[in-house]
**Q** 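Sending over a structure as structure tokens; questions will come in a sec.
Everything quoted here is computed from the prediction, not taken from an experiment.
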4 protein chains.
Amino acid sequence: MGAVKTKRMPRAVREQQMLDAAVRIFGQRGYMAASMDEIAELAGVSKPLVYLYLNSKEDLFTACIRREAAALTAAVGAGVRPGLPADRQLWDGLQAFFAHTAEHPDGWSVLHLQARTHGDPFAAEAAAMRAEIVAFVTRLVAVAAREAHRDPDLPEHEVAGLAEALVGAAESLAAWANATPGATARQAATTLMNFAWAGLGNLMRGRPWTPPA
Amino acid sequence: MGAVKTKRMPRAVREQQMLDAAVRIFGQRGYMAASMDEIAELAGVSKPLVYLYLNSKEDLFTACIRREAAALTAAVGAGVRPGLPADRQLWDGLQAFFAHTAEHPDGWSVLHLQARTHGDPFAAEAAAMRAEIVAFVTRLVAVAAREAHRDPDLPEHEVAGLAEALVGAAESLAAWANATPGATARQAATTLMNFAWAGLGNLMRGRPWTPPA
Amino acid sequence: MGAVKTKRMPRAVREQQMLDAAVRIFGQRGYMAASMDEIAELAGVSKPLVYLYLNSKEDLFTACIRREAAALTAAVGAGVRPGLPADRQLWDGLQAFFAHTAEHPDGWSVLHLQARTHGDPFAAEAAAMRAEIVAFVTRLVAVAAREAHRDPDLPEHEVAGLAEALVGAAESLAAWANATPGATARQAATTLMNFAWAGLGNLMRGRPWTPPA
Amino acid sequence: MGAVKTKRMPRAVREQQMLDAAVRIFGQRGYMAASMDEIAELAGVSKPLVYLYLNSKEDLFTACIRREAAALTAAVGAGVRPGLPADRQLWDGLQAFFAHTAEHPDGWSVLHLQARTHGDPFAAEAAAMRAEIVAFVTRLVAVAAREAHRDPDLPEHEVAGLAEALVGAAESLAAWANATPGATARQAATTLMNFAWAGLGNLMRGRPWTPPA
DNA sequence: CATGAATGAGATTTCATTCAT
DNA sequence: GATGAATGAAATCTCATTCAT
């Protein structure tokens with residue numbers, strides 16, 4: 001079932017195999033339900049080797065989170081070209097995001113579900129990555145406001161809330177797209193751009209919805 | 001620390017005490033890290049009694065999810081009056097949602113984090129509740145479209161995606177509001193209405209953002 | 001092999017059974033080579049019960065040391081009557097000491113060998129008991145000096161060294177007596193009294209210390 | 001921290017480095033808590049080399065015991081000149097003993113604590129050395145008896161017990177001297193000679209044994 | 001009803017030891 | 001000769017769960 005049992009691999013290669021296996025098991029079973037036995041077997045190595053290279057279950061999980069976080073931000077970053085207009089950058093970033101999460105469901109499960117559910121140290125690790133993405137979106141919103149000559153500027157904490165909402169909506173749609181047969185990354189991105197950008201557009205033009213008294 | 005040890009309470013009351021304790025422990029420690037010992041102690045009863053009433057850890061967790069899900073949907077439902085315009089209904093519902101999650105952080109943790117992270121049976125239970133809320137939002141969006149005389153109707157799966165995105169944004173803001181000191185349910189609801197409704201408004205008027213070729 | 005499997009004993013009884021087993025295993029195998037499995041089996045209970053009652057291997061070992069230390073000092077104390085002359089008290093104490101160690105070789109091994117060899121916390125526990133005995137001997141030596149109208153008094157640190165040497169000699173003879181077939185507690189005590197009280201010099205000159213009738 | 005990594009040393013030298021490291025680790029951590037990894041690292045060689053030269057952990061420990069036993073008996077033997085009177089020989093031997101154990105605390109720990117605490121094979125190894133010393137002391141006592149024209153001779157098993165007690169007292173004082181700041185080998189030897197040679201009784205009467213100039 | 005007593009099964013982790021290069 | 005890569009076996013400890021009173 002596991003990887004073909006090839007003997008005597010250099011350490012770097014083995015470590016990646018172990019992380020591959022760990023991400024899969026952690027993503028599917030959850031951090032606590034995952035057993036080191038199962039991970040070692042799927043990786044095609046003995047348990048002591050996993051401990052020799054990765055130290056402990058906690059360290060192994062942390063390594064998984066870091067690797068998957070780096071992969072996700074790299075994928076999004078690679079999809080975006082800085083020179084283009086803000087809406088185009090957001091569109092490109094969203095497509096990359098939905099495509100990556102669809103292709104790496106276990107990694108996404110590790111980042112989005114497992115890391116946040118099993119204690120502060122892990123949650124902090126995942127939060128750091130999320131903060132990067134929120135910061136990126138926040139910059140885009142600010143740029144868009146400038147492009148739309150919005151005056152006066154949006155208050156800072158309002159922008160933060162908007163970026164938070166947008167990222168949350170994207171995370172939610174990622175799960176929805178993965179679960180809905182026939183849904184593509186492009187469709188998910190389109191839906192979200194409609195939802196978010198048109199709404200933001202009105203905001204930019206100074207026509208917010210006003211809460212009732 | 002646990003409930004006062006009163007003897008001979010009717011079964012229904014005892015069960016609620018147990019569920020109270022379980023929600024607290026599950027919400028704070030997580031499903032797997034929670035121990036039946038700790039739950040029984042916090043509930044002020046002996047472990048065999050927990051098993052007599054609730055059967056198993058899985059059943060206990062399921063009961064928690066159901067109770068908290070019912071409480072949340074009831075709170076949202078109570079906040080909304082069906083006769084009013086769609087935007088007002090959404091506004092009221094969001095306020096109720098943010099208020100309830102802020103007041104019951106452990107219950108919200110059980111529903112939003114724990115239930116989704118520990119296997120299909122639990123996830124399905126939580127998904128059922130979420131689907132109810134998404135359906136409610138979906139109806140609101142359809143009503144709003146009719147109110148705006150939008151023609152032609154939004155395609156159904158597009159509406160589903162929008163509702164999904166809106167709910168995801170709300171969930172994300174709930175966590176953000178709880179973590180950001182000074183943020184209130186009202187503020188969170190306002191931010192989200194700005195984000196979502198103004199965007200939807202443009203959509204309704206047939207002026208969506210168009211993806212680049 | 002282990003105790004007869006009697007079910008449902010009160011906790012206090014079970015704990016003593018566990019300590020009995022633990023002293024035996026620790027005394028024979030050594031602290032580190034002893035396995036909790038073996039101890040549980042010899043005690044006739046399951047491992048979790050051992051942990052439930054005694055907490056951890058370290059705590060179990062500590063409990064063994066304390067129990068055996070208390071038993072030994074109690075035995076010595078019971079053998080000595082405070083009113084009598086110093087040499088008589090020493091003689092009685094030594095007999096009690098040799099008798100007890102001969103009857104409880106595993107307990108003596110725990111106190112004399114294992115506790116001193118496996119880390120400060122345990123060693124401190126055993127050292128406390130030993131200090132009690134050394135203090136008792138120190139008092140006896142001082143009393144003897146007074147009885148002999150010695151003037152000037154022996155310097156204090158000299159007395160401490162003498163007591164230390166005497167106790168060390170006794171410990172050594174305990175092992176020797178246990179290993180030498182036909183050696184009795186009485187003989188060991190006689191030899192040591194001769195050695196210590198009369199001194200080799202006197203012995204050579206045919207003036208040994210004579211045991212009381 | 002370990003030995004400087006010099007390549008291609010002759011086997012005999014490498015072995016001594018390994019034994020140095022092993023004695024240190026065994027003496028400080030104890031036999032079972034010592035890990036071959038740590039020993040290899042401290043010796044500055046790879047683990048397989050340790051196995052190539054010393055075969056197994058047991059063999060390594062045995063080699064340590066033998067080397068340290070030989071060193072101790074050699075030190076004592078070197079301190080004693082056969083022609084002199086018995087008490088002088090004892091005095092010289094004790095000084096050498098206390099000096100050596102003070103200078104090699106790890107070696108002494110291996111011999112006196114570890115070897116006796118971890119199973120018969122090792123204990124036998126250490127007992128062999130101890131027997132040599134006891135035999136030496138036994139001869140001295142016999143010689144002293146002859147020098148004192150004692151008649152009739154002390155019964156043999158009495159002499160054995162006396163030697164045993166004397167050696168035990170010396171071992172005990174060695175630990176005490178190492179633990180007591182300011183205590184020297186000379187003081188320990190003096191105390192023991194007073195105790196053993198003169199006897200407490202003489203001491204009380206103000207007639208101590210006097211060390212040679 | 002209620003509980004103190006008890007356990008089967010499995011978790012993480014460590015270590016002495018050996019190949020294959 | 002020397003070592004990086006690898007493992008079988010076993011240790012401590014925890015937990016959900018059930019009798020017997």
Side-chain angles (χ1 to χ4, degrees), chain A residues 5-15 32-40 44-60, chain B residues 5 7-11 14 32-40 44-61, chain C residues 5-15 32-40 44-60, chain D residues 5 7-11 14 32-40 45-60:
Chain A
K5 210 160 192 173
T6 320
K7 297 214 154 180
R8 299 274 151 179
M9 321 255 323
R11 171 168 180 157
V13 176
R14 272 277 192 260
E15 270 191 23
M32 300 232 69
S35 92
M36 297 297 273
D37 272 287
E38 207 179 358
I39 291 171
V45 299
S46 69
K47 236 184 326 175
L49 200 59
V50 178
Y51 278 90
L52 187 62
Y53 286 175
L54 275 313
N55 238 6
S56 72
K57 195 184 187 184
E58 292 196 7
D59 284 6
L60 173 57
Chain B
K5 210 164 194 172
K7 294 221 155 182
R8 296 275 161 179
M9 320 239 345
R11 170 163 179 159
R14 272 274 154 92
M32 300 235 67
S35 91
M36 296 296 275
D37 274 283
E38 207 180 355
I39 290 171
V45 300
S46 74
K47 231 186 331 173
L49 197 59
V50 177
Y51 277 89
L52 187 63
Y53 285 178
L54 274 314
N55 226 21
S56 74
K57 194 184 188 185
E58 294 196 5
D59 285 4
L60 173 57
F61 190 43
Chain C
K5 209 160 193 173
T6 320
K7 297 213 155 180
R8 300 270 150 180
M9 321 256 320
R11 172 168 179 155
V13 177
R14 273 277 192 259
E15 269 190 25
M32 300 232 68
S35 90
M36 296 297 274
D37 272 287
E38 207 179 357
I39 291 171
V45 297
S46 70
K47 233 184 329 170
L49 199 59
V50 179
Y51 278 91
L52 188 62
Y53 287 175
L54 274 313
N55 238 6
S56 71
K57 195 184 188 183
E58 292 195 7
D59 284 6
L60 173 58
Chain D
K5 210 164 194 170
K7 296 223 153 182
R8 298 275 160 181
M9 322 238 342
R11 169 161 179 160
R14 273 275 153 92
M32 300 235 66
S35 90
M36 297 296 275
D37 274 283
E38 207 179 357
I39 292 171
V45 300
S46 73
K47 231 186 330 173
L49 197 59
V50 177
Y51 278 88
L52 187 64
Y53 284 178
L54 275 313
N55 225 21
S56 73
K57 194 185 187 183
E58 293 195 6
D59 284 6
L60 173 57

**Q** Can you tell me how far C1' of E:dT12 sits from CG of A:Asp59, to the nearest Å?
**A** 13 Å

**Q** Given E:dT7, E:dA5, E:dC1, identify the nucleotide with an atom nearest to the side chain of C:Val45.
**A**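 Side chain of C:Val45 sits closest to E:dT7.
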
**Q** Which ranges of DNA chain F pair up as stems, where a stem means three or more consecutive Watson-Crick or G-U pairs with both distances under 3.5 Å?
**A**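 Stems for DNA chain F, defined as runs of 3 or more consecutive pairs: E:2-21 with F:2-21.
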
**Q** What integer distance in Å separates D:Ile39:CD1 from E:dT17:C1'?
**A**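 Nearest whole value for this atom pair: 14 Å.
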
**Q** What is the distance, to the nearest angstrom, from the CZ atom on B:Arg14 to the P atom on E:dT3?
**A** 7 Å

**Q** Assign B:Ala40 to base, sugar-phosphate, or nothing according to its heavy-atom contacts below 4.0 angstrom with the strands shown.
**A**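 The residue B:Ala40 makes no contact with any strand.
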
**Q** Of the candidate nucleotides E:dA2, F:dG1, F:dC13, which contains the atom at the shortest distance from the side chain of B:Ser46?
**A** E:dA2

**Q** Judged by each residue's nearest nucleotide on DNA chain E, which is more toward the 5′ side, B:Pro48 or D:Lys47?
**A**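 Its nearest nucleotide being more 5', the pick is B:Pro48.
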
**Q** Report which part of the nucleic acid A:Ala33 touches: base, sugar-phosphate, or nothing (heavy-atom distance under 4.0 Å, all strands).
**A**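 Nothing, no nucleic acid heavy atom in range.
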
**Q** Just how far, in rounded Å, is P of F:dT17 from CG of B:Leu52?
**A**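 In whole Å, F:dT17 P and B:Leu52 CG are 14 Å from each other.
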
**Q** Over how many whole Å does the gap from C:Leu54 atom CG to F:dC13 atom P extend?
**A** 12 Å

**Q** Looking only at side-chain atoms of B:Tyr51, point me to the closest of F:dT17, F:dT12, E:dA16.
**A** F:dT17

**Q** So which nucleotide from F:dA6, E:dT14, E:dT17 ends up closest to the side chain of D:Lys57?
**A** E:dT17

**Q** Report the residue (D:Asn55 or A:Met36) whose heavy-atom-nearest nucleotide on DNA chain E is the more 5′ of the two.
**A** A:Met36

